[in-house]
Amino acid sequence: MQLADKYSPESIEQKWYDFWIEKNLFHSEPDGREPYCIVIPPPNVTGMLHMGHMLNNTLQDVLMRRARMQGKNACWVPGTDHASIATEAKVVAKLKEEGIDKASLTREEFLRHAWEWKEKHGGIILNQLRKLGASCDWERTCFTMDEARTAGVLKVFVDLYRKGLIYRGVRMVNWDPSAKTALSDEEVIYKESNGKLYYLRYKLEGSEEYIVVATTRPETILGDTALCVNPNDERYKHLKEDARVIVPLVGRSIPIIRDEYVDVEFGTGALKVTPAHDVNDYMLGEKYGLESIDIFNDDGTINDKVGLYVGVDRFDCRKQIEADLTAAGLMERVEPYTNNVGYSERTGVAIEPKLSMQWFLSMEELAKPATKAVMEDVISFVPAKYKNTYRHWMENIKDWCISRQLWWGQRIPAYYLPKGGYVVAESAEEALKLAQEKDASLTMADLRQDEDVLDTWFSSWLWPISVFDGIRYPNNPEIEYYYPTNDLVTGPDIIFFWVARMIMAGYEWRGERPFKNVYFTGIVRDKLGRKMSKQLGNSPDPLDLIAKYGADGMRVAMLMSTSAGNDVMFDEALCEQGRNFCNKIWNAYRLINMWEEDSTIAQPEAAKQAIAWFDEVMRERIERVAHDMEQYRISEAFTELYRLFWDDFSGWYLEIVKPAYQSPIDGETLACTKHYVDQLLRLLHPFMPFVTEEIWQDLKPEADVCSIVIAREPKAERKADEKILARFALAEEVITAIRNMRKQKNIAQKEVLTLRYIADENYPAEFEAVITKMANLKAVEPTTEKDPAAAAFIVKTTQYFVPMEGSIDKEAELEKLRADLEYAEGFLASVMKKLSNERFVQSAPEKVVMNERAKQADAEAKIAALKAQIEALS
RNA sequence: GGGAGCAUAGCUCAGCUGGUUCAGAGCAUCUGCCUUACAAGCAGAGGGUCAGGGGUUCGAAUCCCUUUGCUCCCACCA
């Protein structure tokens, strides 16, 4: 086959992906082999691929493809998440564009629109993953809200309810006034905001005295039902036990209560208490039996409870109240103030603490086995530093608010009865049966299902089980075979949302961990260190990058810059490097492909030597890569292979065995070289699937294996011979020294030279042919005498001379030699200092001391050689 | 307020149980090459007080303390 001189990914990637699908190489069914399974962190069904997905899925694909090549039954389950709030918000926005108000629709109508939207946009993201080369088992694609998953969720809800872990009640929750739903604590993000601290005057009833109260939220005075001071505060000791104050503007009379909760140091030491709109105030309200006045509508506007500012948005109201208080002389002063305000993770609006009726899941018992599993490394976290974070959260876990006031999601399977009370069941039919046990006269029409849906994470926490339908059918062969899964690759930002809860669910419904290892990736940042975001516009479209540099190039960029738990500073230059590497691989193959075999010619000595060496290099590198991968040092593993291919194979091996232009190559060398290419491609394939497949298919080393996807990973049958590697390194040094000399003395590479050496044990005689070829020498000769007319250098302890035509610059040579000598002597001195230290010799391990003695011997030999050369020259 | 982590070449980072693979890699820079696989390349070179200070040790980039600077997580005194 004629190959183009540049690798062009666009023409081959689709071809091979289609081929893999056609051959069904990514599909897995339970069989006798060892399973290797990853469940994908399901992206939002209507989402688009971003750089974070790229990183995450590249890593997963590397793990998958490697396991597959190890002969395991590899199964990567893809899917999407219905993402209740995010998707509902998108659908609402889209309807609004069309002039449709959500409020004007029935639940059924809205859901029809939502499903339509899902059918249209859902799955785009999964197609994008194919472009990356993701080897998912697409036949297994799941959706958190499809039939099987939904049935599982309902079953779990009923199960937890019957176990008494799910309860319903009025609690202070995080209210999102934009999405008009409650949120879990995890969905609230606290950010420092520049606000103001307002000092308001509360007039003491029956007196002209004012009590000044500091607050950041003056609009909540509408809901004030008490004022609170610390009982030990001298400033307020004069107040009567039953003293009352008048809420400014509102005119309501409220009691003054005394509680040590109030910080004397803060503000004026007086606190206004609004039980409906502040968590701490709520607790005070409970304690002292205060009235709770909810002043907000669900959308954050003021309701008509008080009759003031009705319908005004909370932030407008704050401004108006500030003005009105000032006008009424009730505003003492206003100070700038920085405090933390909670915002909704999804809609970005400020959260309103709100009392409301919600469903909760009691977490304490669920957390126990899950905490233990991680702390005892039954499930191991990579990097381990996240164990602490995890433990802290788990040990202080709060009940999970699982109800959402949305329509897009799994509807809570609770059915209310006409005369009060409710039943919980997986279906309306079962609910009716339960209801009829209470009251035989009830009919379906009497049941009213709860309006709320469940938190999205209430379905994703079952993911490793539910993708195999293991909730509904806990003994089915699939779940028995694939569960527990092996690795989970995800970001640390969802450690609480998802990872922790999956672990809890795993133990609750399988009595077993859901996965063995969790690999936490970092966040992808731009080269300035900023998080990539739509708002900043600093996030490149990954598909553009793939189009420009190829999927393999893109994958390399991700791999080069990542290590577990560390953020990725993304720079497009990395993609370029990735693309260049593809091209390097391509051209190395092109070279080999051009060679013409002549089985009658003898194998050159240099080629024999190169093969002897490269066999060991392969062994060593295979082992190192395996070792790195075991520890999830994926970036390091890849870098090893990058250097192996580029430096060792292309830079050294190929240059050594390369026949002269248009000369044929001997059969044995060609066969060996092709074997190396085959091995290298296999090693690289998990990282760079497309380019390796393209070349492998051309090479066809195994007639009965249709794709490199299912070819076996190379193994080192024994440990590498360290001595051969070390000896070759000496030869490399000699070659480099000669090249250096050419450069310094302006001798063209083409000009052939002679090398003389004074033989000793550090002369790599077994690689003499390599040296001859790579340094372009006409002869290599042993000698016993120093040649003053030659350029000289020393490698380890061996002296080398390159006779020069014409004179050499004696002074320059001498200067260099003297500098070397000085360095060597300094080095020897530091070694001797250690060795003459009795305590060192006594306390250091024998190996270390031996090493120092070897250093001493080497340094002494080198010094002797240097001195000899200096003498010969001067 | 509590906790965790980071600081090594211009940039991004390795450096695993303290000791010859200890000061490294890639990118960038500089020099010389369009040498018939690859200029998306080849051959070379320069560049670091391992954040500052102290300690432990025969020996510290590595362990301990401390200062400074940055990042993240948790908590939320209005």
Side-chain angles (χ1 to χ4, degrees), chain A residues 3 5-7 185 190 197-198 213-217 220 228 261-268 270-274 278-281 337 339-342 383 385-389 392-393 396 492-493 495-496 522-523 527 529 549 553 560-563 565-571 573-574 576-595 627 631 633 635-636 639 642-643 650-651 654-655 658 660-662 722 725-726 729 736 739-740 742-744 746 748-750 776 831 833-834 837-845 847-849 851-852 854-855 858:
Chain A
L3 300 173
D5 67 347
K6 292 258 192 301
Y7 171 65
D185 294 342
Y190 287 90
L197 192 57
Y198 303 84
V213 175
T215 179
T216 54
R217 302 199 57 192
T220 62
C228 188
Y261 164 75
V262 177
D263 182 356
V264 179
E265 304 293 319
F266 189 88
T268 60
L271 171 75
K272 64 192 251 346
V273 184
T274 321
D278 183 279
V279 185
N280 297 302
D281 291 12
Y337 187 70
N339 67 337
N340 275 335
V341 177
K385 65 178 177 186
Y386 289 111
K387 281 165 73 176
N388 281 330
T389 313
H392 182 259
W393 189 76
N396 297 285
D493 49 331
I495 187 168
F496 308 135
I523 295 165
K527 57 180 167 182
Y549 301 103
M560 303 226 45
S561 52
T562 180
S563 65
N566 288 336
D567 289 355
V568 176
M569 299 294 170
F570 181 78
D571 186 338
L574 290 166
E576 210 174 310
Q577 201 182 338
R579 178 200 60 181
N580 294 356
F581 186 41
C582 292
N583 199 45
K584 186 72 188 177
I585 297 171
W586 181 256
N587 273 292
Y589 181 64
R590 232 178 105 225
L591 172 68
I592 295 158
N593 197 50
M594 268 176 204
W595 289 343
H627 184 248
Q631 297 173 282
R633 297 159 64 92
S635 181
E636 284 81 352
T639 306
Y642 179 92
R643 304 236 296 266
S650 301
L654 286 181
E655 290 299 333
K658 181 159 86 176
Y661 180 53
Q662 288 189 332
E722 299 281 343
L725 294 171
T736 303
R739 284 173 177 168
N740 222 332
R742 284 178 188 274
K743 172 114 176 161
Q744 278 168 8
N746 246 326
Q749 177 63 29
K750 285 175 196 155
N776 196 21
V831 172
K833 198 178 156 196
K834 275 191 205 174
N837 183 334
E838 233 172 84
R839 297 176 69 184
F840 168 76
V841 179
Q842 275 172 9
S843 37
K847 220 173 118 186
V848 174
V849 178
N851 244 324
E852 290 300 315
K855 272 156 78 176
D858 279 357

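Below, chain A is the first sequence line, B the second, and so on; all start at residue 1. As the structure is a prediction and not an experimental result, all values here were calculated from the model.
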Quick one, give me the B/S/- string for nucleotides 70-78 of chain B, reading 5' to 3', where B means a protein heavy atom under 4.0 Å from the base and S means that only happens at the primed atoms, P, OP1 or OP2.
-> ---SSBBBB
Is [X] touching bases, backbone alone, or none of the nucleic acid, heavy atoms closer than 4.0 Å?
X      : answer
A:P845 : base
A:K658 : base
A:D571 : nothing
A:N851 : sugar-phosphate
A:A844 : base
A:K750 : nothing

B:A40 phosphate, OP1 or OP2: any side-chain N/O from A:N587 under 4.0 angstrom?
->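 So the side-chain polar atoms of A:N587 never come under 4.0 Å of the phosphate oxygens OP1 or OP2 of B:A40.
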OP1 or OP2 of B:A40 sitting under 4.0 Å from any side-chain N/O of A:R579?
->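 So the side-chain polar atoms of A:R579 never come under 4.0 Å of the phosphate oxygens OP1 or OP2 of B:A40.
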Given atom CG of A:L574 and atom P of B:G26, what is their separation to the nearest angstrom?
->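 A:L574 atom CG is separated from B:G26 atom P by 14 Å.
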Is A:W393 close to A:I495 at the side-chain level, that is, under 4.5 Å between some pair of heavy atoms?
->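 In short, these two side chains do not touch, never coming nearer than 4.5 Å.
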Check if the side chain of A:K834 and the base of B:C58 share a donor-acceptor pair of N or O atoms closer than 3.5 Å.
->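 No, the side chain and the base share no sub-3.5 Å donor-acceptor pair.
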Any donor-acceptor pair under 3.5 Å joining the side chain of A:E655 to the base of B:A37?
->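 Flag set: donor-acceptor pair detected.
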In sequence, state the C-alpha distance, the side-chain angles, and the governing distance for A:Y549 and A:L574, and then conclude on side-chain contact (heavy atoms from CB on, under 4.5 Å).
-> CA-CA 10 Å; A:Y549 301 103; A:L574 290 166; over 6 Å; no
Base paired to [N] (Watson-Crick or G-U; both N/O distances under 3.5 angstrom):
N     : result
B:U17 : none
B:G47 : none
B:A28 : none
B:G1  : B:C74
B:A7  : B:U68

Want to settle it: does A:V848 or A:N746 sit nearer the 5' end of RNA chain B, counting the closest nucleotide to each?
->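 It is A:V848, whose closest nucleotide lies nearer the 5' terminus.
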Residue met sooner reading RNA chain B from 5', once A:V568 and A:L654 are mapped to nucleotides =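 With A:V568 and A:L654 compared, the 5'-side residue is A:V568.
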Rounded [atom1] spacing from [N] to [M] in Å:
N     : M     : atom1 : answer
B:A7  : B:G53 : C1'   : 15 Å
B:G18 : B:U57 : P     : 16 Å
B:C77 : B:C72 : C1'   : 24 Å
B:G48 : B:G10 : P     : 7 Å
B:C76 : B:A23 : C1'   : 46 Å
B:G3  : B:U8  : C1'   : 26 Å

Taking A:N837 for the side chain and A:K833 for the main chain, is one N or O donor matched with an acceptor at less than 3.5 Å?
->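 No.
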To the nearest 0.5 Å, tell me how far A:N593 CG sits from A:W586 CH2.
->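 Taking CG in A:N593 and CH2 in A:W586, the distance rounds to 9.0 Å.
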Does the side-chain hydrogen bond (donor to acceptor under 3.5 Å, both in side chains) test come out yes or no for A:N587 and A:R590, once each step is laid out?
-> CA-CA 5 Å; A:N587 273 292; A:R590 232 178 105 225; 2.5 Å; yes
Can you sort out the partners of A:T268 under side chain to side chain contact (heavy atoms under 4.5 Å, CB included), two or more places apart, ordered by chain and number?
->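 A:T268 satisfies side chain to side chain contact (heavy atoms under 4.5 Å, CB included) with A:Y199, A:V212, A:Y236, A:A270 only.
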